[in-house]
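First comes the structure, then the notes that go with it.
Keep in mind it's a predicted model, so treat the numbers as computed, not measured. Numbers here are sequence positions counted from 1. Indexing begins at 1, ligand by ligand and atom by atom, following the structure's order.
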Amino acid sequence: MSMDAVRVRFAPSPTGYLHIGGARTALYDWLLARKTGGQFILRIEDTDRNRFVPDAVDDIKASLRWMGLTWDEGPEAGGTAGPYFQSERLDLYQKYAEELVQAGKAYYCFCSPERLAEMRKKQEEAKAASGYDRHCRELSPEEIEEHRAAGEPYVIRFKVPRTGKTKVRDELRGEMVFDHGTLDDFVILKSDGYPTYHLASVVDDHLMGISHVIRGEEWIISLPRHFLLYEAFGWQPPTFVHLPIFLSPDGKGKLSKRHGATGVREFKEKGYLPEALVNFLLLLGWHPSTDEEVFTLEEAAEAFSVERISTSPVSFSLDKLDWYNGIYLRRLSHEELAQRCLPFLQKDGLLPDPCPPERFAYLVRLMPLIQERIKLLSEISQAVGYFLQEEIEPPEPALIIGKKGTPEETVTILQETVAVIEALTDFGEENLEQTLRALADRLALKPGRVFMPIRVAVTGQAATPGLFELLAALGKQKVLNRLQQAITVLRKG
Ligand code: GLU
């Protein structure tokens, strides 16, 4: 394939939120456009008025932006090939459908829904091939006039040649041949004046100068219809690239809602980084020429090529996505990580919105403690909640005491700890470590025996970052308050 600048489009129907399948298509579009210095166009295919979801367009735009896939032409961006909402292009589709009727390549069909239902029923009973029976294909001009004069609603159907075959081409699969016998005279314009997907897609891809159509494999069945339309209009078809389907993590079937999150927004809310999702989707259907697995968007745009897109179904593995998330979480600077965590903490009420600079600076200070410990941004509240809260829930006595300890001994440990900590002026990590190790020595206890109750007392948790760094980050006053609280709990218990 030549590497001339491409014009590619992502053409979602706003019938739901952006799905990861669509996100992968958009990603590949974007990469090809960046790689070749071409344009990435966002076109909203809102011609199915029954399935329209009002906030879907906002979700699609927000999700694409979150992933870094900005478009060169389309809603908000503008462009000379607009409008980019199909519902604003109805006159164009009507004009082109009429043109095909005038050329004898399409026809008015006045069949009522009742007649069509009856026809389908008979076909089923006779176990005959389904599809429109071409009842209106040979209506005379007078008959057509009569129906129209009577104000009967009609659709426009495409005249598929009765015999012969149509050859189509997919860039990855090569040539495929479809027998016309398997196609019926499909509708191109509905009775409400709206186009069907086939007509709108072909007209727009042509008028918008699209060079490459990248989309999911489920659209291959539409390809003969699209080629027939291109031929009827006398237009050159673009290059088609159909992407492999996603299999569920167990590899047993197509990925669906049953297998968990499938919407981009859900991944975002779960605390995945866009970098991780992008990298993960990149390798779900495309493979690089090296063993490298980690690609930023820029690196991916460099390396991407259509030839290396696979045609076999790809398994969707959340473990791999988690792995990528870990990689990108650890790559972030402390400041950047804090920035990404902030909305999650605000949502959980642990930080105010807007967040005052000194509180944000404190959050940044906490990042080295947890950067290696969280897998998802959504784990941040659990990981740093006890730092941000003034007070914590008193921990369960059993958790403070630990498996091998006794309440009395634990109270002594905590009281001794209070005493040595009160005397500290240097509350740095190193000094804390020296002081507490010396305490363990003095009490003739193993360091772990001393450290665990302190850890639980000040955090409420048994698994935390290193004790001395967390004490230093908490600050003397909070540490003392929480030690006292734990002593009170133990005395009561
Ligand atoms: N509107 C179609 C969809 O929702 C677009 C298919 C295509 O890219 O041609 O997936």
Side-chain angles (χ1 to χ4, degrees), residues 6-33 39-61 63-64 69 71 73-75 81 83-90 92-93 168-173 176 186-188 190 194-230 233 235 237-246 254-257 262-264 281 285 306 309:
V6 302
R7 273 178 74 80
V8 286
R9 86 311 192 263
F10 176 52
S13 304
T15 52
Y17 296 155
L18 185 62
H19 182 269
I20 43 158
R24 179 189 59 176
T25 302
L27 170 64
Y28 289 12
D29 277 322
W30 188 93
L31 291 172
L32 196 59
Q39 290 96 37
F40 171 48
I41 294 152
L42 175 61
R43 180 172 82 219
I44 305 296
E45 303 210 323
D46 56 347
T47 58
D48 191 343
R49 292 188 297 169
N50 299 325
R51 294 176 57 215
F52 184 74
V53 174
D55 57 346
V57 174
D58 285 339
D59 176 80
I60 291 165
K61 288 188 297 190
S63 296
L64 290 175
L69 308 179
W71 50 99
E73 292 176 32
Y84 296 93
F85 283 84
Q86 288 188 328
S87 60
E88 294 169 22
R89 302 170 64 82
L90 299 184
L92 281 168
Y93 311 125
V168 304
R169 216 192 117 69
D170 170 88
E171 195 61 16
L172 306 172
R173 294 162 185 79
M176 290 174 274
F186 54 95
V187 175
I188 55 175
K190 297 182 261 187
Y194 273 66
T196 57
Y197 157 68
H198 305 298
L199 178 71
S201 166
V202 165
V203 166
D204 286 350
D205 285 342
H206 175 72
L207 295 181
M208 295 181 178
I210 300 303
S211 64
H212 290 67
V213 169
I214 302 179
R215 62 188 174 195
E217 195 172 65
E218 66 274 21
W219 297 103
I220 289 187
I221 44 164
S222 301
L223 210 47
R225 294 188 180 93
H226 295 180
F227 269 75
L228 283 166
L229 282 167
Y230 278 105
F233 284 122
W235 297 337
T239 299
F240 288 93
V241 181
H242 289 90
L243 307 180
I245 57 164
F246 288 158
K254 264 183 82 173
L255 181 72
S256 73
K257 280 255 168 253
T262 52
V264 169
L281 290 176
V306 168
I309 296 176

| said: In this structure, does ligand 1 have an atom that sits under 4.0 Å from one of the heavy atoms of Tyr197? | reply: yes
| query | Does Phe10 approach ligand 1 within less than 4.0 angstrom via side chain, backbone, both or neither, non-hydrogen atoms only? | reply | neither
| message | Test your reading of the model: is there a side-chain donor-acceptor pair from Arg24 to the backbone of Gly216, 3.5 Å cut-off? | response | no
| task | Could you walk me through whether Arg43 and Glu73 pass salt bridge (charged side-chain N to carboxylate O under 4.0 Å, His left out), step by step? | result | CA-CA 8 Å; Arg43 180 172 82 219; Glu73 292 176 32; over 6 Å; no
| Protein contact of atom 10 (O) of ligand 1 - nearest heavy atom, named by residue and atom, plus distance | Trp219 CZ2, 3.4 Å
| task | Provide, to 0.1 Å, the distance between atom 8 (O) of ligand 1 and the closest protein heavy atom, together with that atom's residue and name. | result | Arg9 NH1, 2.7 Å
| query | Any salt bridge between Arg89 and Glu45, counting N to O under 4.0 Å? | reply | no
| query | Taking Thr239 for the side chain and His212 for the main chain, is one N or O donor matched with an acceptor at less than 3.5 Å? | reply | no
| N/O of Ala11 under 3.5 Å from N/O of ligand 1, yes or no? | yes
| note | protein heavy-atom neighbour closest to atom 1 (N) of ligand 1 works out as Glu45 OE1, 2.6 Å
| query | Aromatic ring centroids of Tyr197 and His226 under 6.0 Å? | reply | yes
| note | Output for pair (Ser201 OG, Tyr93 OH), nearest 0.5 Å, gives 9.0 Å
| In ligand 1, which numbered atoms sit nearer than 4.0 Å to a non-hydrogen atom of Ser13? | 1 (N), 2 (C), 3 (C), 4 (O)
